[in-house]
Structures are given as structure tokens and as C-alpha cells.
Student: 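Got a structure for you, questions after.
By convention in this document, chain letters (A, B, ...) are assigned in the order of the sequence lines, proteins followed by strands, and residues within each chain are numbered from 1. Heavy atoms only: backbone and side chains are in, while hydrogens, waters and symmetry mates are out.
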Amino acid sequence: MNPSLPSHGFRKVNAPMPAAEPKPSAPSGVVTRFAPSPTGYLHIGGARTALFNWLFARGRNGTFLLRIEDTDRERSTPEATAAILKGLAWLGLDWDGEVVSQFDRRHRHAEVALEMLARGHAYKCFSTPEEIEAFREAARAAGRSTLFLSPWRDADPASHPDAPYVIRLKAPRQGATVIEDAVQGTVTFRNDQLDDMVCLRADGTPTYMLAVVVDDHDMGVTHVIRGDDHLTNAARQTQVYHAMGWRVPVWAHIPLIHGPDGKKLSKRHGAVGLEEYQVMGYPAAGMRNYLARLGWAHGDAEFFSDAEARAWFDLEGIGRAPARLDFRKLENLCGQHIAATPDAELLPEIEAFLEAAGRPALLAAQKDGLARALYSLKDRAKTFPELLEKAHFVLAHRPFVPDEAAAKALDPVSRGILRELTPHLRNGSWSREALEEVVTRVAGAHGIGLGKIAGSLRAALAGRTISPSVFDMMLVIGREETLARLQDATA
RNA sequence: GGCCCGUUCGUCUAUCGGUUAGGACACCAGGUUUUCAACCUGGGAAGAGGGGUUCGACUCCCCUACGGGCUGCCA
């Protein structure tokens, strides 16, 4: 096998290598692949397919390959390929070896087509597209099957005209083709329902149907995990495996993802491209967790780590019904992952989010402040934008203007109380216990609760009515900055 | 039209012939609480419909309905 380099300059983009994990068990020989066609963004459903393949291979110490199915030259674009690689990189799905361009392997595909021809498993068909279309139209009108049966299937080569032709598979007419699918079970197709598919087009280029089989075989793919829109195709492809005498891989056709309304996922559902999820500020770990649970289950496990997912993932746990997208659950899971992620890992992710969202990068001082404040922020946010909003107190430079709600909390009475609080803060010790004691005492002296004084204090310190605990904020920004902000707010 | 696949709370799902059909998200009520987030307690919420098989069906079979896929010299 000789996986050629991609024809477009997309090798520059590389998937990040996830932190080294202890390799589980012995090599299993499992080889999976993700094979998207570069005709647009990375679809959320495609992302899940990639994740399943990745989990299956990585959990078994196997190999996960990436192949770009770019044989359709009309619709394939280098931009789409770049978007796919970028999306996979963000999701944290790393692949083994070079990216394979299917188009670059076209000569190998043609070679196989010719071999089938030589062996009598394929034949030259001289029917023109016009003839075939006319036949189909007539069949449709008459309510008959539109399956095209080529008159050239058993024609004497001596009768072949000097005209363009395609190479069709000489598929069996009798009997049935049986798919043993790890998800769908045994699926039987009568052979008279399957036509002689085109393997090589008139221009000598291979069709997808031929190319997948040749590539999967040459790449040593043992398990084909893909959308169940390919279930019927699997029957046709099986015929090619049989014709070539190749070992048929384990099939696993997974149900597609549907929109919240249960209909096929399309643009009108919004957020169909994976990159949109990064821009919305969902952490990749939460995304992986959510996507893994969509159509797959491991008992009652809902929130789990990548290591657990790899250890648990299996084909048997995949459901057979299409799953709908549920943003609430996604958010819930993402919140849990943000809370569980170590600060040192969270910070770069937040910076990557800012860049992806086209927002200004963090200044050194902001980054430093955020790092110190993270402990008080990460368990109160479900997405990065939410976290950043709550981090306003550590990101903003004073003097800053409070937002409308915060300004309201800084009424004259409240400002008076804050003024009175100031000297106590100037002189007391700067620990959580001491701060709580002082603030509570001053509130008590005015006959108000902690809630009331905390409200105005929050407004003064954060310029917002939503933030981490006032004590955490004071601890993070320190005594001097706290006093300065109180000064600003009460002046 | 033909062929193929699917159908458990609103959503994701557990169950692999015998359960008061479980969990999670969401929702509702109450509690806790310095905001937000979170947390605690409780609640409502499901086997598409109809036939079989069986002592017993969510689970097995058939039909119907409804979704979906394929039916391309697209992938």
C-alpha cells in the first residue's frame, strides 16, 4: 500500500497529540478509519462517527486512520479538507500516519477495476447516460423498478463498439448478499435488488463505491464504523470484496443524528458544523462526552473521562435508532467538564476559544489574573463565554463602569455602607475568615443581611451583578485593588 | 414505486421473557444560598397501534402507522 500525500496543501494542519496515556492491553490489530468527503464543514454527525472510530481503535490499542474521499473533483475543496482537519484537531481526535487522499490513489483503483474485468467479475458497458436516463424515466412512469440492467453484461467483446464505456461490476443475479452488521444485525439483500454498479467512469476515474473498498482493503481496515446511510452500500461493496477475494471487514452502521425536531440534521437546525461548537465555547472534552453518549450507552454512565470512554466503548452498546441533539444536556456535561478540568489545561483552551471566536487575545496581566481566579470560576460556568463573563472582575482595568444592574446596586445608602466598610478592610487581615467576619459585622451593624451588602460589594468589585463570591474576588485581586475599586465606586 | 433500517418518559438512554420499567438532562414544587452556577428533598413523565407465540412479553414473530436510508458515470 502506498497512501499518497494529499494533493492540496493541508499537511500543515496537524492534530495535536493528546497527553500520553498508558496504552491499554495488547495490540488488537484493530484498524478503523474516518473517511469524510471534503465538500463542506465537518458535520456534527461526521464528528461523532469519527469519535466512535477513534474510541474503538484507541480503546483497543488499535490504529485510527484518516482518509479524505475527494474523488468528486467538482465538489471537493481544499478549504473543506482544512476545515475537517481543524475540526478533528479541536475535538482532540488524532489519527495515525499520513492523511490519505482518495483521489491520489485513483490509479490503484483503476488497476483493481481492470483486474476484475480480466477475471470476468466486471464488464464494459457502452450504454450512454442518456440511454440509461431514458430507461429510468420510462420505468418510473410505468411504475417498474428503475434498476438498470445493462445489455452489455454478457455481450461478446467482438461486438464492442469503439465508444466510451464504463466498467460495471458483474454482480450476482441470483441469491442474496448478506451483511453481518455489529449494530444492525444480519441484513439480507436480494441480489435482484442490486444493480451492476459502475466501478470506473467513462473518463477512467473510479467511483466512490469502488474506491472505498480498495482503500479500506489496502489500508488494512478491520472495522468500518460509519453512518447507516451506507447500509445499502455495504451490500454492493461486499460484492466487490467477494469479486476480489478480499476479507470483508466488520461492518458497524450507526444511526444518523437528527435535529431537535427529529428530522434529518440540516442547516435550518443551526450549528451543524463542528467548528460552530468551538465558537460557542463548548469545551472539547464535554463535546466528546456528549457525542459519545448520543446513540451509545454504557449502563447508567453519563459523565465520564476520555480514558473511561476508551475503556468502555464497544459496538454492542450502540443503539439502532437515530438520536436527537439536545443542547441542554450538552451544556450540562460541558459545565461538569469545565469544573473537572485542571486550571493548567483550561487556560490554553480558553485562549483557543477566544481565537476561534475572533475575540481579542488575553493580555499577559489578564492571563495571570484569570489563572489565579479560575478556581472560583470554573464550577459556575457551562461554556467559556459564560466563564469569561463571570471573570470580568479580574479581566477589567479600573476604573471601569458598572453595567446597568450593578449601577442600581450602588445606590447612595449602599455606597455609604461600603465607605464605612473600607477602613475595616484596610486594616484587617486578608484572609477569607477575616474578610467574612468583617463584612458580616458591618452588615450587622446596619441591620442588613450579608446578601444585601454582598450585592453592592459585588457591584463595586466586579461592575456586574453576576460574579464569583465577593470573598473570592477580594482574595484574587488583593487588598490594594479592592480598596481602589471601593474608592472608585463610592467617590 | 421497490428494497433496507428504525420506534421505551419532552430528550439521551438502561432493560438482553418474569422489575413498583431504572438513570441522566429538562421541567414543576419545596429547601439551602452573597449573585450566578451548584447543591439537597420531593413530584409529574414512557414501552406507536393491532394481532399472535408463551404460564408470562418493552423484550420473540406478523401486520399497520409514522420516521429515516438507498434506489447516480455523488460521496
Side-chain angles (χ1 to χ4, degrees), chain A residues 35-39 69-72 74-76 102 125 127-129 132-133 136 139-140 142-148 164-168 179 181 183-185 187-190 192-195 197-203 205 207-209 211-212 227-233 235-236 253 255-256 258 260 262-264 290 293-303 316 319-333 335 339 377-382 386-387 389-390 405 409 439 443 449-455 457-459 462 464-471:
Chain A
S37 54
T39 53
E69 312 230 304
D70 50 0
T71 52
D72 183 344
E74 299 288 299
R75 299 196 299 148
S76 298
Q102 189 160 65
C125 170
S127 297
T128 65
I132 297 170
E133 188 42 45
R136 289 209 174 101
R140 250 190 299 272
R144 287 188 323 247
S145 166
T146 57
L147 282 188
F148 176 68
Y165 62 87
V166 299
I167 294 183
R168 285 182 186 273
I179 303 296
D181 194 283
V183 174
Q184 308 287 341
V187 184
T188 304
F189 295 88
R190 274 168 45 191
D192 59 15
Q193 297 295 333
L194 270 15
D195 59 4
M197 67 185 201
V198 172
C199 292
L200 215 58
R201 301 187 182 101
D203 64 2
T205 63
T207 59
Y208 156 81
M209 216 62 94
V212 232
D228 70 5
D229 50 336
H230 286 290
L231 185 56
T232 313
N233 293 338
R236 292 189 168 74
H253 288 92
L256 268 18
H258 285 181
K263 298 290 185 189
K264 192 182 174 187
Y290 176 71
R293 276 289 288 108
L294 213 51
W296 172 80
H298 181 74
D300 284 341
E302 298 284 352
F303 171 73
E316 294 71 44
R320 276 168 293 278
R324 304 181 187 197
L325 238 29
D326 180 5
F327 282 82
R328 312 283 204 140
K329 186 136 187 175
L330 204 211
E331 282 180 11
N332 178 280
L333 248 15
L377 295 162
K378 63 185 196 181
D379 56 357
R380 4 169 66 92
K382 296 176 173 177
E386 189 184 352
L387 186 149
E389 173 57 24
K390 287 176 172 173
V439 174
L450 179 61
K452 178 83 172 97
I453 194 170
L457 190 50
R458 166 171 294 105
R464 300 280 128 107
T465 51
I466 296 175
S467 79
S469 141
V470 291
F471 304 112

Student: Using both distances under 3.5 Å as the test, list the Watson-Crick or G-U wobble partner of C39(B), or none.
Tutor: G31(B)

Student: Look at the side chain of Asp300(A) and the base of G22(B), then say whether one donor and one acceptor between them are separated by less than 3.5 Å.
Tutor: yes

Student: What does U8(B) pair with, Watson-Crick or G-U, if both distances are under 3.5 Å?
Tutor: none

Student: 5'-most contact on RNA chain B: Val183(A) or Tyr290(A), nearest heavy atom basis?
Tutor: Val183(A)

Student: Please confirm whether the backbone N or O of Ile132(A) pairs with a side-chain atom of Ser127(A), one donor and one acceptor, at under 3.5 Å?
Tutor: no

Student: Judged by atom type as modelled, is there a donor-acceptor pair below 3.5 Å linking the side chain of Lys390(A) to the main-chain atoms of Ala381(A)?
Tutor: no

Student: If you measure from the C1' atom in G22(B) to the same atom in C16(B), how many Å do you get, rounded?
Tutor: 15 Å

Student: Calculate the interatomic distance between Asp228(A) atom CG and G6(B) atom C1'; express it in whole Å.
Tutor: 8 Å

Student: Scan Thr188(A) against the nucleic acid and name what it touches under 4.0 Å (heavy atoms): base, sugar-phosphate only, or nothing.
Tutor: sugar-phosphate

Student: For G72(B), which nucleotide is its Watson-Crick or G-U wobble mate, given both distances must be under 3.5 Å?
Tutor: none

Student: Could you list the residues that satisfy salt bridge (charged side-chain N to carboxylate O under 4.0 Å, His left out) with Arg236(A), not counting sequence neighbours?
Tutor: Asp195(A)

Student: Using the C1' atom as the reference point in each nucleotide, state the distance between A37(B) and A21(B) in Å, no decimals.
Tutor: 33 Å

Student: Between Tyr290(A) (side chain only) and Asp326(A) (backbone N and O only), is there a donor and an acceptor less than 3.5 Å apart?
Tutor: yes

Student: Reckon Gly295(A) touches a base, only the sugar-phosphate, or nothing at all at heavy-atom distances under 4.0 Å?
Tutor: sugar-phosphate

Student: Quick one: does any side-chain atom of Arg458(A) pair with a main-chain N or O of Arg464(A) as donor and acceptor, under 3.5 Å?
Tutor: no

Student: Decide yes or no, distance alone: a donor-acceptor N/O pair under 3.5 angstrom between the base of G23(B) and the side-chain of Glu302(A).
Tutor: yes

Student: Quick one: do Arg190(A) and Asp192(A) satisfy salt bridge (Lys or Arg N to Asp or Glu O under 4.0 Å)? Show the steps, please.
Tutor: CA-CA 5 Å; Arg190(A) 274 168 45 191; Asp192(A) 59 15; 3.0 Å; yes

Student: Given side chains that start at C-beta, do those of Glu69(A) and Val212(A) come closer than 4.5 Å, heavy atoms only?
Tutor: yes

Student: When every nucleotide of nucleotides 70-75 of chain B is labelled 5' to 3' by its protein contacts under 4.0 Å (heavy atoms), B for base, S for sugar-phosphate only, - for none, what sequence of letters results?
Tutor: SSSBBB

Student: Quick check: any donor-acceptor pair below 3.5 Å linking the side-chain of Arg320(A) to the base of C5(B)?
Tutor: no

Student: Using a 4.0 Å heavy-atom cut-off to protein, can you give one letter per nucleotide of nucleotides 26-44 of chain B, 5' to 3': B if the base is in contact, S if only the sugar-phosphate is, - if neither?
Tutor: SS------BBBSS------

Student: Roughly, in whole Å, what's the span from CG in Leu333(A) to C1' in C25(B)?
Tutor: 9 Å

Student: Identify, with sequence neighbours excluded, every residue that meets salt bridge (charged side-chain N to carboxylate O under 4.0 Å, His left out) alongside Lys452(A).
Tutor: none

Student: With P as the reference atom in both, quote the distance from U11(B) to A26(B) in angstrom, rounded to an integer.
Tutor: 16 Å

Student: Does A45(B) pair with anything, Watson-Crick or G-U wobble, both distances under 3.5 Å, and if so, with which nucleotide?
Tutor: none

Student: Considering residues at least two apart in sequence or located in another chain, which fulfil the side chain to side chain donor-acceptor pair (under 3.5 Å) criterion with His258(A)?
Tutor: none

Student: Expressed as a whole number of angstroms, how long is the span from His298(A):NE2 to A24(B):P?
Tutor: 17 Å

Student: Return the pairing partner of U15(B) with a 3.5 Å limit on both distances, Watson-Crick or G-U wobble; otherwise return none.
Tutor: none

Student: With C1' as the reference atom in both, quote the distance from U59(B) to U7(B) in angstrom, rounded to an integer.
Tutor: 14 Å

Student: Starting at atom CD of Glu316(A), determine the distance to atom C1' of U13(B), rounded to an integer number of angstrom.
Tutor: 17 Å

Student: Would you mind reading off the distance between His258(A) atom NE2 and G68(B) atom P, rounded to a whole angstrom?
Tutor: 7 Å

Student: Is there a donor-acceptor contact under 3.5 Å from the side chain of Ser37(A) to the main chain of Thr39(A)?
Tutor: no

Student: In whole Å, what is the span from the CD atom of Glu331(A) to the C1' atom of C12(B)?
Tutor: 15 Å

Student: Looking only at atom C1', what distance separates G1(B) and A14(B), rounded to whole Å?
Tutor: 39 Å

Student: My understanding is that only residues two or more places apart in sequence, or in another chain, count here; which of them pass side-chain contact (heavy atoms from CB on, under 4.5 Å) with Arg140(A)?
Tutor: Glu133(A), Arg136(A), Glu137(A), Thr146(A)

Student: Can you tell me the base-pairing partner of C60(B)? Count Watson-Crick or G-U wobble geometry only, both distances below 3.5 Å, and say none if there is no partner.
Tutor: G52(B)

Student: Provide, to the nearest angstrom, the distance between the CG atom belonging to Leu231(A) and the C1' atom belonging to C5(B).
Tutor: 6 Å

Student: Expressed in whole Å, how much space separates the P atoms belonging to U33(B) and U20(B)?
Tutor: 40 Å

Student: Using the C1' atom on both, measure A75(B) against G6(B) and round to a whole Å.
Tutor: 23 Å

Student: Roughly how many Å apart are C55(B) and A48(B), using the C1' atom of each and rounding to a whole number?
Tutor: 28 Å

